[in-house]
Amino acid sequence: MSELNINKRFGNKVREYRQKHSISQYILADLLCYTQAEISKIENGKKDITISKFFYINNILKLIDFSL
């Protein structure tokens, strides 16, 4: 699986969360300590994020269950 596909799939999860909770990119950006532009890039799969930032976002939003 290519890196772009992973970024896009994660971005789609972030967008789904945001829309499900009826919050704007600006509010989500504030919650995650990002800018609105960065949230847009994440949602569109255009921003590479480190594994630590992936887990940071995931821990706050609870997008993917990693429990065993």
For Ala29 versus Gln36, what's the shortest heavy-atom pair and its separation? CB-N, 3.6 Å
Closest non-hydrogen atom pair, Phe54 against Ile49: CA-CD1, 3.8 Å
What distance do Asn12 atom CG and Phe10 atom CZ have between them, rounded to the nearest 0.5 Å? 11.0 Å
Is the closest side-chain heavy-atom distance between Lys8 and Asn44 below 4.5 Å? yes
Excluding sequence neighbours, so at least two apart, what forms ring pair (Phe, Tyr, Trp, His ring centres under 6.0 Å) with Tyr17? His21
Which of Leu32, Leu31, Asp30 passes side chain to side chain contact (heavy atoms under 4.5 Å, CB included) with Tyr34? It is Leu32
Same apolar cluster (I L V M F W Y, side chains within < 4.5 Å links), Phe55/Leu28: yes
Could you list the residues that satisfy side chain to side chain donor-acceptor pair (under 3.5 Å) with Glu16, not counting sequence neighbours? none
Looking only at heavy atoms, what is the nearest atom pair of Ile23 and Arg18, with distance? O-CG, 2.8 Å
Would you mind reporting whether Thr35 and Glu38 have side-chain heavy atoms less than 4.5 Å apart? yes
Using 0.5 Å steps for rounding, measure from the CD1 atom of Ile42 to the NZ atom of Lys53. 8.0 Å
Point-to-point distance, once rounded to the nearest 0.5 Å, from CG of Leu61 to NZ of Lys13: 12.0 Å
Could you state the interatomic distance from CD (Gln19) to CD (Glu43), rounded to the nearest 0.5 Å? 7.0 Å
As an exercise, state the distance from CG of Asn7 to NZ of Lys47, rounded to the nearest 0.5 Å. 10.5 Å
Could you grab the distance from atom CD1 of Ile27 to atom OG of Ser22, nearest 0.5 Å is fine? 10.0 Å
